[in-house]
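Written out below as structure tokens is the structure these notes cover.
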Amino acid sequence: MSKSVRNYPQLAKDILEAVGGDENVVGVTRCATRLRIVLRRSKPAAKDAVSSLPGVITVVENNGQFQVVIGQHVGEVYDHFAGLVNVDTSSEGDEPAQKGSVMNRIIATMSAVFAPFIYILAAAGILQGLLILLTLLFPAFLETGTYQVFSFISWAPFTFLPIFIAITASKHFKTNMFIAVAACAALVSPDWADMAARIADGEVITFLNLGLSETVYTSSVLPPLFLVWFLSYFERFLNKRIHEVVRPLFVPLLCLVVMVPLTLVAIGPITTLGANGIANGYNFLAENAPILAATIIGSLWQVIVIFGVHWGITPMILANYEQYGQDSFQAYQTIAVIAQIGAVLGVILKARSKETKKVGISAGTTGLFGITEPAIYGVTLRFKKPFIYGCISGAVGAIVASFFNPYYYAYAGLPGPLTIVNGINADNPTSIWGIVIGSAIAIVLPIVLVQIFGFGEDTAKQATDEKKNEATPKPENPTSANEETVAAPINGTILQLSAVPDDVFASGAMGKGVAIQPSEGKLHGPFDGSVVMVAPTKHAIGIRSTTGVELLIHVGLDTVKLDGTPFTLLVKEGDKFKKGDLLMEFDQEAIVQRGIETITPIIVTNTGDFSEVMIEEGTNSSVGQALMTAVK
């Protein structure tokens with residue numbers, strides 16, 4: 001928050017008024033930087049209204065939440081906001097109950113379930129793509145043991161996908177993870193696969209006189225998801241009625257003997273039919289009106305990403321691979337992703353501002369790996385025109401590709417330039433050519449559009465400003481009065497801020513900085529200073545140096561959900577410390593076991609008070625070494 005903004009009661013009132021008043025607020029919590037509000041009804045004008053308020057950095061609507069990014073002073077705003085609304089705010093560390101629309105709750109569930117392991121599926125998909133390429137170049141490789149080993153490695157995450165879902169869904173639905181894993185493991189048991197094959201061959205197998213279907217559950221999504229959802233209610237029902245002495249044994253026993261057969265008899269066949277029905281509906285459109293399907297996906301996929309509803313499409317895509325071993329949606333999706341990369345490249349080439357070029361290069365690099373949020377929030381949506389050019393180019397590229405019958409033959413967790421090879425198939429040789437041609441159009445067309453029509457930045461003015469800045473030479477040996485070195489507070493690996501899988505941090509909206517992937521759970525003082533903010537859930541700390549650098553250190557992403565459990569704070573608000581003093585300890589293993597990233601953003605939140613924040617070169621951080629320098 002800007003230093004000039006100190007009227008926190010008024011800001012809280014203004015936010016509440018903009019979102020529709022007390023009657024529209026279902027729940028509110030806070031983390032280290034964001035006021036997280038759950039609304040009964042979303043007001044279209046609320047985002048712009050709140051974003052324009054003095055002291056608000058930006059607004060993110062995600063997973064059914066209206067997240068107001070404020071910065072280190074969010075605690076003061078939260079305290080006043082909580083006093084204005086008539087909702088339960090006693091559980092600060094937890095996410096508020098998702099009581100929004102059905103669609104919001106579905107999207108929130110899909111995000112919570114798939115986000116923690118999407119990179120595993122992406123890695124497996126890339127490995128499958130590489131195997132496709134190698135067998136194309138060296139056909140004899142297909143017969144080697146090396147190929148077979150890498151092949152089953154690449155398929156393992158998909159074969160045992162229900163177990164991954166059991167882990168993440170059990171956390172989301174707040175049920176016993178081990179019971180959920182045991183139940184879902186039964187669904188992918190080889191014995192059940194053998195029974196299902198016999199049923200498919202005509203044999204009648206019953207359970208308590210109820211006929212079993214031939215459905216198999218390897219690579220399935222909805223059956224394990226619904227199993228865990230129902231399990232969460234059944235387990236709570238049993239816990240209330242079984243004596244605590246025998247509860248640890250009989251609750252798991254009854255859950256397994258009820259939920260697994262119930263899934264085999266009813267939940268599994270019904271949900272599989274639903275997933276396959278949705279997939280077949282899309283396939284009908286893609287096969288009978290490919291141009292329409294291509295237009296919709298190519299133009300709107302990145303819009304869907306902005307609203308965070310892209311997770312809802314995952315079951316349909318996986319159902320296509322499970323049923324047919326191929327999917328055209330991801331082929332068009334790849335072209336839409338590449339179009340945004342092209343828009344960023346156009347901005348890099350057109351911009352005269354060094355800062356814009358620098359942000360564009362960082363954002364575009366992550367786009368190569370299929371991660372477009374930094375590109376969207378940091379560049380294309382920021383200037384608006386490039387985002388529109390990207391959507392237009394994605395549609396044009398996808399339409400051209402649609403004439404070549406494009407398909408992906410291996411799942412791509414993060415479709416993008418690196419997964420294009422997944423479109424190679426000997427039985428459909430035109431597929432890869434369609435994807436390549438469509439991708440080429442998608443990357444070139446937005447570059448051309450940006451060069452012709454511009455991208456909304458006053459490049460001449462910024463360039464002039466930069467030249468004026470350059471004309472005033474900085475002293476060769478700046479003193480401590482105009483320069484502050486921030487040392488690395490954690491041992492680990494240094495990451496660019498744009499590589500952080502969190503839109504607000506990655507876009508630089510909070511300020512300039514870096515991130516560190518910790519190698520140990522100890523946080524030290526990066527300079528001499530004092531503690532100005534400690535998150536109630538202990539996962540983040542705000543500090544200020546003796547010369548005025550304000551730093552936010554956010555240990556992990558979404559660690560607010562852990563309610564402070566893995567963190568041990570050795571300081572409190574108001575405490576002074578010296579460079580190198582131990583400020584916090586945290587249990588990395590406990591964080592990872594909850595499926596949460598330990599990547600730690602380190603942000604200069606008062607970046608505007610400095611003429612430049614320079615990031616030191618290097619890939620590894622050691623406590624005490626120079627990490628970045630703030631220059632007045």
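Each residue takes its place number in the sequence, starting with 1. What you are looking at is a predicted structure, and each value in this text was computed from that prediction instead of being measured.
- Looking at Leu418 and Leu368, their side chains never come closer than 4.5 Å, going by heavy atoms from C-beta outward.
- In Glu589, the CD atom is not crowded: 12 or fewer heavy atoms of neighbouring residues, nucleotides or ligands sit closer than 6.0 Å.
- Side-chain contact check for Ile543 versus Pro526: some heavy-atom pair is nearer than 4.5 Å.
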Is there a side-chain contact (heavy atoms from CB on, under 4.5 Å) between His172 and Leu225 once you walk through the steps? CA-CA 11 Å; His172 181 68; Leu225 183 60; over 6 Å; no

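- Under a 3.5 Å cut-off, the side chain of Asn606 and the backbone N or O of Gly548 do form a donor-acceptor pair.
- Rounded to the nearest 0.5 Å, atoms OG1 (Thr372) and CD (Gln340) are 6.5 Å apart.
- Atom CG of residue Leu53 and atom NZ of residue Lys13 lie 14.0 Å apart, to the nearest 0.5 angstrom.
- Interatomic distance, Ser621 OG to Ile516 CD1, rounded to the nearest 0.5 Å: 3.5 Å.
- For Ser622, the side-chain contact (heavy atoms from CB on, under 4.5 Å) test picks out Asn491, Gln625, with sequence neighbours left out.
- You'll find the side chain of Ile602 reaches within 4.5 Å of the side chain of Leu627, heavy atoms only.
- Between the SG atom of Cys255 and the CG atom of Leu227 there is a distance of 10.0 Å, given to the nearest 0.5 Å.
- Considering only residues two or more places apart in sequence or on other chains, Thr565 meets the side-chain contact (heavy atoms from CB on, under 4.5 Å) condition with none of them.
- Put simply, the side chain of Glu235 gets close to the backbone of Asn176: a donor and an acceptor are under 3.5 Å apart.
- The heavy-atom pair separating Thr485 from Ala626 by the smallest distance is CG2-CB, 3.9 Å.
- Within 6.0 Å of CD on Glu17 lie no more than 12 heavy atoms contributed by other residues, nucleotides or ligands.
- Judged by distance alone, the side chain of Lys171 and the main-chain N or O of Arg594 form a donor-acceptor pair under 3.5 Å.
- Classified by interplanar angle (parallel below 30°, tilted 30° to 60°, perpendicular above 60°), the ring pair His539/His554 is perpendicular.
- Contact check for Val514 versus Leu497: no side-chain heavy atoms found under the 4.5 Å cut-off.
- Thr380 contributes no side-chain N or O that, together with a main-chain N or O of Phe387, makes up a donor-acceptor pair within less than 3.5 Å.
- For residues 573-584, the side-chain hydrogen bond (donor to acceptor under 3.5 Å, both in side chains) pairs, not counting sequence neighbours, are Lys572-Asp575.
- Using a 4.5 Å heavy-atom cutoff, the side chains of Phe66 and Val28 are not in contact.
- By the side-chain hydrogen bond (donor to acceptor under 3.5 Å, both in side chains) test, Thr629 pairs with Glu616, sequence neighbours left out.
- Listed by chain and number, the residues in a side-chain contact (heavy atoms from CB on, under 4.5 Å) with Arg247 are Asn239, Ile242, Glu244, Val251 (sequence neighbours excluded).
- Counting all heavy atoms, side chain and backbone alike, Pro386 lies closest to Ala343 at O-CB, 3.3 Å.
- A donor-acceptor pair under 3.5 Å is absent between the side-chain atoms of Thr168 and the main chain of Ala166, judged by distance alone.
- Using a 4.5 Å heavy-atom cutoff, the side chains of His524 and Ile490 are not in contact.
- Here the CZ atom belonging to Phe586 is positioned 11.5 Å from the CG atom belonging to Leu569, to the nearest 0.5 angstrom.
- Without hydrogens or angle criteria, Asp587 side chain to Phe567 main chain gives no donor-acceptor distance under 3.5 Å.
- Ile599 CD1 to Ile591 CD1: the interatomic distance, rounded to the nearest 0.5 Å, is 12.0 Å.
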Please lay out, stage by stage, how Val25 and Ile37 fare under the test side-chain contact (heavy atoms from CB on, under 4.5 Å). CA-CA 7 Å; Val25 176; Ile37 309 169; 3.9 Å; yes

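- A side-chain donor from one of Glu484 and Thr547 sits under 3.5 Å from a side-chain acceptor of the other.
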Test log, rule side-chain contact (heavy atoms from CB on, under 4.5 Å), inputs Thr568 and Met584: CA-CA 6 Å; Thr568 302; Met584 176 199 295; 6.0 Å; no

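- Stacking of Arg236 on the aromatic ring of Phe234 is not recorded, the 6.0 Å distance cut-off and the 45° axial limit not both being met.
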Check the pair Leu551 / Ile553 against side-chain contact (heavy atoms from CB on, under 4.5 Å), numbers first and verdict last. CA-CA 6 Å; Leu551 208 65; Ile553 305 176; 4.3 Å; yes

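- Within the 4.5 Å cutoff, side-chain heavy atoms of Val221 are placed close to those of Leu161.
- Counting non-hydrogen atoms of neighbouring residues, nucleotides and ligands closer than 6.0 angstrom, the CZ atom of Phe117 exceeds 12 such neighbours.
- For the pair Tyr8 and Phe81, the minimum side-chain heavy-atom distance is 4.5 Å or more.
- Evaluation of the salt bridge (Lys or Arg N to Asp or Glu O under 4.0 Å) test over residues 508-524, restricted to residues two or more places apart or in two chains, returns Glu355-Lys512.
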